[in-house]
Each structure stands twice: as C-alpha cells, then as structure tokens.
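By convention in this document, chain letters (A, B, ...) are assigned in the order of the sequence lines, proteins followed by strands, and residues within each chain are numbered from 1. These numbers were taken from a predicted model, which means no experiment stands behind them.
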There are 2 protein chains.
Amino acid sequence: MPPADPVPAFHAHDHAQCSDSMLARAEALAAERGVRLTPVRRRVLELLLEQHRALGAYEVLDRLAAEGFGRQPPVAYRALDFLVEQGLAHRVARLNAFAACMHPGEPHAPVFLICRSCNAVAEAGGDSLRRALEVEAATQGFAVERSSIEALGQCSACRGAAA
Amino acid sequence: MPPADPVPAFHAHDHAQCSDSMLARAEALAAERGVRLTPVRRRVLELLLEQHRALGAYEVLDRLAAEGFGRQPPVAYRALDFLVEQGLAHRVARLNAFAACMHPGEPHAPVFLICRSCNAVAEAGGDSLRRALEVEAATQGFAVERSSIEALGQCSACRGAAA
DNA sequence: CTTGACACGTTACGTTATTACATACATCTC
DNA sequence: GAGATGTATGTAATAACGTAACGTGTCAAG
C-alpha cells in the first residue's frame, strides 16, 4: 500500500527505485490475475515508468521497433491496451498519450496534472474527487463506470523557472 | 442565468426550445464580445444543439458539405475551435468529439457524463468538483489552468431500458 | 476607393488508431 | 512427445482525426 504522501512526479525521487517497485507490483498483479506480462508488455510498462511522462503510441512503437519488436502500430496499441485494462497504465486523452499508473491495484479515478511546460504527468490520488463526481452524476441518475480528470497547467518547478 | 436544476440532457425536455435559447445567448455573447457568429459557425452550433450529443468533426463536416458549405476539414475545425474559444462548445477528448456548452458565458470546469449506450453527453455543473480539483492540485504545487472531467457510464434512461 | 483584418475555401500532408489476416508460442490433453 | 486450443505477436493496408500553408472574398475604417 503506497503512503498517503504526494505522488512523486513533481518531486525529487529515485526513478529507478520507483520503476522497480511498480514493475514488481505489476508482476505480482499479473500473476494474481492469471494474465501474462509478456516481454513487449513489460517493456512498454518500463518505458512509461522510465520516462515518467505520457508517451504517444508511436513514440512507444519507435522504441519497440529499435529494440527488435514489431514495427506496426497494433504492436504498441495492443500492449498499451493491455496495460490500461489491467490498470497498470492510463490513457491521457487530452494528449493522445499513455502514462504508467502510480496506484496499480487500487481502484481509483485517475487525476492527471499535466505540465504544459515540461510535459510531466503527475497522477493525483483523488478519492475525494471521485466521490464528488459520483454525487454530481447521481443527481442526474447517471451511473459512472470509468472516469478521468485531466488538468492542464504548470508544475511548481516550471513556475519557479518561469518566474 | 440558468436555473440550478439538473442539466436537461438526460431528462425529457423541449429540444427546440433549449436550442433556441442557447442560440439566443450565443448571439448575445458574440455581440457583447465583438466577435462574429457567422453562418458556418452558427450552423455548427445549431447542429451540436440539435443532436444534443457529442459530434465528431467529420460528422459536422459532412452536414456542412451537404448544405453547401466547404467540404474540407479546416472548415469544420475552424468553426468548432471558434465555438470552443468562445465557450459555446466543449471538446470531449475521450470521444474526439465536440458538444454544445449548456452554460455559455459562465466560467466553469466542464463535467461530462457520457452515456456509452446512447452517446448522449450531459454537462454537469461541477463547481464543487472544480474546487476539489484545485485543492488536490495545490498539494503538489500545481497550478490548474484548464481542466476537464469526463465520466463514462450509463444514463438513467438506458439503465432502465437494459433492466 | 484603398487598405487591412478577418473569415472562408482549397490542396496537401501529418498524426493517431483500427481492421483483417497470418504466424508463432504457450498450455493442456492424451 | 504429438496434437489441439487459445492467446500473443507480427504484418499490410486503411480509416479517422487533425494541421499547415496559401489564395480569395467580404466588409468596415480611414
């Protein structure tokens, strides 16, 4: 269970360590669910974790092709779809891109904070937001199944740099 | 100023009347701001209002072409961009589509409730959500500039029909 | 009547995503 | 192990979405 502190994307942290720990959790979840974290799928997740930002499908595809995997779009899209289905990654519609999930295994409504300067994508916890959304939807008799909240703005580092 | 009751998309209501009233408000806003609600732009807004759902750019374009307007993508995109800039329509990233705004002139973070059965798109008020989002973002030092909240699920009518 | 700003239209192109089908690989059964 | 079955990977081709660049028309201001 992750600590309740702020998600790391906009904070100094050890990428290698957070990647490793997320990968380990992904392996565990896959085993638990009886699905296969194959080499392509695993490599795509690694790429998303390494970069720590949202990557376009074709960006992922280029990396895969360079590493000897297939070079046609479905190769990337299938791996990305798998990760999204398994809750190991999220789609960031606003950017036509994908980012690793920082809370795999926990049900949550992703809240993306997208820095327009450095393109980093932080994923906020957002349980209060999820509840607020469900309340709002309920007043219209609407049953929420999946939701995503995307905010465009500037992270603290870039605001500091701009000032 | 719109009443504080639920937005009409998932309720029985007089489409013609709500379209007319939104169009009138659009005209007023355009005049107030010194921008031009030209025939193409106005027609696109009418289309969005008539359908009362999110329309893809090419869907809009087909209608325009059939009615004697231009038949190239920029014709539709420019009109849609204009409407979005003026706050008369919103982009629904999840669907690569556009929907008329039901609260033109009021600053607000759009909250879309997208029915996966009938494709209707309701726009909830969401001021409490906007505030919750800003609080959440602030804990990470992130300054929100624009945001959108999109929920996929089923509206009350379709849930009734399914049951 | 000219000028300048804006809107509209077109061609051409770039990016993102899917369909359809063939091949390889793992797993289970015998 | 050999064969059957389901899943994953790979390919080619194309659809869907979006933008850049440029020319023409319109209209109000000077």
Please check this pair: side chain of B/Arg25 against backbone of B/Leu88, looking for a donor-acceptor N/O pair closer than 3.5 Å. no
Using atom CD of B/Glu67 as one end and atom P of C/dC8 as the other, report the distance to the nearest whole Å. 15 Å
Using whole Å, what does the distance between atom P of nucleotide C/dA7 and atom CD of B/Glu85 come to? 10 Å
Return the value, rounded to whole Å, for the distance between atom CG of A/Leu61 and atom P of D/dT9. 14 Å
Are the ring centres of B/His103 and B/His90 closer than 6.0 Å? no
Within a radius of less than 6.0 Å around CZ of B/Arg116, do more than 12 heavy atoms belonging to other residues, nucleotides or ligands occur? yes
What is the distance from CZ of B/Phe98 to C1' of D/dA16, rounded to the nearest Å? 13 Å
Can B/Gln154 and B/Ser117 be said to form a side-chain hydrogen bond (donor to acceptor under 3.5 Å, both in side chains), step by step? CA-CA 7 Å; B/Gln154 225 174 4; B/Ser117 301; 2.8 Å; yes
Ignoring the backbone of B/Tyr77, work out which of C/dA26, D/dC17, C/dT10 is nearest its side chain. D/dC17
Side-chain N,O (A/Arg78) to OP1/OP2 (D/dT9) below 4.0 Å: no
C/dT15 OP1/OP2 closer than 4.0 Å to side-chain N/O of A/Tyr58: no
Donor-acceptor contact present, side-chain A/Glu59 to main-chain A/Gly56, <3.5 Å: yes
When rounded to whole Å, the CZ to P distance for the pair A/Arg71 and D/dT9 reads 17 Å
Below 4.0 angstrom from OP1 or OP2 of C/dC8, is there any side-chain N or O of B/Arg41? yes
It should be established whether A/Gln72 places a side-chain nitrogen or oxygen under 4.0 Å from OP1 or OP2 of nucleotide D/dA12. yes
Atom pair distance, as rounded to whole Å: CD in B/Glu59 and P in D/dA16: 11 Å
If you check every side-chain atom of A/Pro74, which of D/dC17, D/dT11, C/dT11 has the closest atom? D/dT11
On DNA chain C, does the nearest nucleotide to B/Thr38 precede the nearest nucleotide to A/Asn96 from the 5' side, or the other way round? Give the residue. B/Thr38
Whole Å only: how far is the CG atom of A/Leu64 from the P atom of D/dA8? 17 Å
Let me know the distance between CZ of A/Arg91 and P of C/dT16, rounded to the nearest Å. 11 Å
